[in-house]
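For reference, the structure discussed in these notes is given below.
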Amino acid sequence: MLNGKNILIGVTGGIAAYKVVEVASRLKKSGANVRVMMTRNAAEFVTPRTFQEITGNAVSVEMFGDAANFHVAHIALADFADAILIAPATANFLAKAAHGIADDLLTTTILACDKPLLIAPSMNTKMFDNPATQDNLRILRSRGVKILEPATGELACGISGKGRLPEPIEICAAVEKIFASGILSGKKILVTAGGTVEAIDPVRYIGNRSSGRMGFEIARSAVDAGAQVVLISGKSELEPPKNLQFVKVESAIQMREAVLKEFDSVDAVIMSAAVADYRVKNPAAQKIKKSADALTLELVKNPDILRELGGLKKSQVLVGFAAETQNVLNYARKKLVEKNLDFIVANDVTADGAGFGVATNIASIIWRGGDVENFDKMSKFDLAKKIVERVARLLNDRKFFPVNLHEHKNQFVLEN
Ligand code: CTP
């Protein structure tokens with residue numbers, strides 16, 4: 001799987017650096033061309049010569065001078081890499097990477113590289129659990145950096161806990177996964193989730209019962225299928241899935257802005273957010289005090305984000321949701337047409353085992369051509385997989401058939 005791939009390993013100054021010698025060796029044996037860069041501290045634990053002998057390539061430590069045939073070393077290394085692995089990654093490295101600090105060859109190379117980055121942290125448990133380190137990991141994850149969870153066990157400092165570098169075989173498997181070709185590999189997918197929050201005043205809002213679970217599962221499933229995923233979420237208490245770009249918004253207006261910013265660069269949009277149809281016309285700047293017996297709020301219509309995307313769409317696949325309480329298929333069909341969607345996922349939110357706040361759903365998928373697929377009650381995780389498979393099928397068909405084929409599928413017209 002790694003045949004001909006260029007893997008750049010960055011070694012930072014942790015005791016587990018010695019394990020990375022085996023990682024480099026395994027990656028090389030599985031066909032990769034491996035280069036190693038080290039921090040000065042890392043070179044205190046393992047000598048550059050060890051990595052040089054294992055990889056057959058010069059090892060870079062210094063920003064200036066030690067890589068004779070590399071012009072501007074950090075740029076050359078960044079260009080060389082198909083993927084970068086940092087192992088072991090110290091807390092200090094995580095802090096620098098999260099904040100764009102580039103004060104040596106390794107951190108400068110990371111900043112100059114836009115290839116997939118896999119980080120394997122290893123440190124003392126308290127350092128790992130420290131909120132500063134956890135915040136840095138969160139920042140890195142939100143930018144799509146893949147983080148390999150440290151293992152739990154005996155640590156070099158004598159205590160037992162979380163912080164061990166995973167075994168070389170596991171690290172290599174994670175590197176291989178970067179190149180694994182899932183059904184959505186090479187595709188960028190935008191998923192929206194959760195409910196929007198429309199302010200009444202600084203302490204109160206109009207919201208809805210959406211938990212965000214369906215959208216989060218779709219985003220997770222798209223990541224598993226190899227896609228680059230942007231998840232734009234309104235209110236949700238759930239922990240966002242890993243290895244995707246997470247954008248938090250509150251109101252429908254903010255969600256629209258965030259979605260439009262991404263729309264041109266994505267291959268598909270799956271709009272599972274519960275967007276409020278109305279917002280308060282003039283939210284109060286200060287907390288509204290209790291006085292009169294009745295209070296009237298004037299509401300104005302929010303933009304319909306999905307309908308707008310339907311008007312703008314070029315080759316993107318568009319998927320919507322219809323959460324209904326009656327006439328499910330008819331209402332859903334109407335939305336499918338009005339919003340120019342490829343398919344719509346419809347469900348009766350009042351049915352047992354479907355709708356808000358539960359882990360299962362009972363859905364139907366209605367296709368543009370009129371076909372309907374009815375699914376039995378299943379977990380939101382399984383339904384997410386079905387949705388993602390169908391999006392992949394549409395996108396992969398388009399690879400062979402030019403855009404808009406399915407508009408003409410009964411006539412077998414191929415446009416070039
Ligand atoms: N949607 C949207 N912007 C809105 C409202 C809805 O993008 N302002 C999207 C939802 O994310 C969903 C689809 O449109 O994918 C259908 O949402 P739904 O609330 O069921 O339909 P509405 O068009 O708002 O119609 P109604 O509320 O009258 O049923």
Side-chain angles (χ1 to χ4, degrees), residues 189-199 205-219 221-222 229-236 247-263 266 268-281 299-313 316-351 354-357 361-368 380 383-384 386-388 390-391 394:
I189 310 291
L190 169 59
V191 182
T192 66
T196 64
V197 163
E198 309 296 333
Y205 61 83
I206 299 176
N208 61 62
R209 293 181 195 276
S210 168
S211 66
R213 193 189 297 257
M214 191 67 241
F216 279 38
E217 292 296 3
I218 292 169
S221 189
V229 178
V230 183
L231 172 60
I232 299 177
S233 176
K235 191 170 163 54
S236 172
V247 182
K248 189 106 188 120
V249 294
E250 292 211 326
S251 63
I253 299 277
Q254 286 173 1
M255 183 169 278
R256 173 181 174 272
E257 242 170 62
V259 166
L260 289 180
K261 199 167 139 218
E262 296 291 340
F263 188 58
V266 301
V269 179
I270 306 171
M271 198 70 204
S272 80
V275 186
D277 289 330
Y278 294 90
R279 68 179 181 279
V280 177
K281 187 174 179 192
L299 303 181
V300 290
K301 212 169 192 175
N302 266 330
D304 187 325
I305 305 170
L306 194 51
R307 182 191 280 255
E308 196 171 341
L309 299 185
L312 294 172
K313 111 170 176 183
Q316 292 96 334
V317 165
L318 276 193
V319 178
F321 272 75
E324 308 291 348
T325 55
Q326 56 177 341
N327 273 337
V328 179
L329 292 186
N330 283 342
Y331 280 140
R333 249 183 223 112
K334 194 159 167 271
K335 288 173 190 175
L336 171 83
V337 174
E338 284 176 359
K339 303 191 188 204
N340 193 18
L341 309 179
D342 292 82
F343 66 84
I344 191 159
V345 186
N347 67 333
D348 179 347
V349 287
T350 59
F356 303 120
N361 213 340
I362 309 167
S364 300
I365 286 184
I366 308 172
W367 290 84
R368 208 186 170 94
K380 287 185 175 168
L383 181 60
K386 295 214 177 293
I387 293 166
V388 163
R390 280 151 184 77
V391 168
L394 284 174

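Just follow the structure's listing: the first ligand is 1, and inside any ligand the first atom is 1. Atoms considered below: every heavy atom in the structure, side chains included; atoms not considered: hydrogens, waters and symmetry mates. In this text the structure is predicted, and so the values were computed from the model without any measurement.
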Any donor-acceptor pair under 3.5 Å linking the side chain of S236 with the backbone of S211?
-> yes
Non-hydrogen atoms of F343 and V391 that approach each other most closely = CZ-CG2, 4.0 Å
Contact check, side chains of V349 and R209, non-hydrogen atoms, under 4.5 Å | no
Below 4.5 Å, heavy atoms only, C-beta onward: do R279 and V300 meet side chain to side chain?
-> yes
Can you spot which of Q316, R368, R390, K313 makes a side chain to side chain donor-acceptor pair (under 3.5 Å) with D342?
-> K313
Residues with a heavy atom under 4.0 Å from ligand 1, by chain and number, are M271, A273, V275, D277, P303, D304, I305, L306, G320, F321, A322, A323, K335, K339
How about F263: does its CZ atom have over 12 heavy atoms from other parts shown lying under 6.0 Å from it?
-> yes
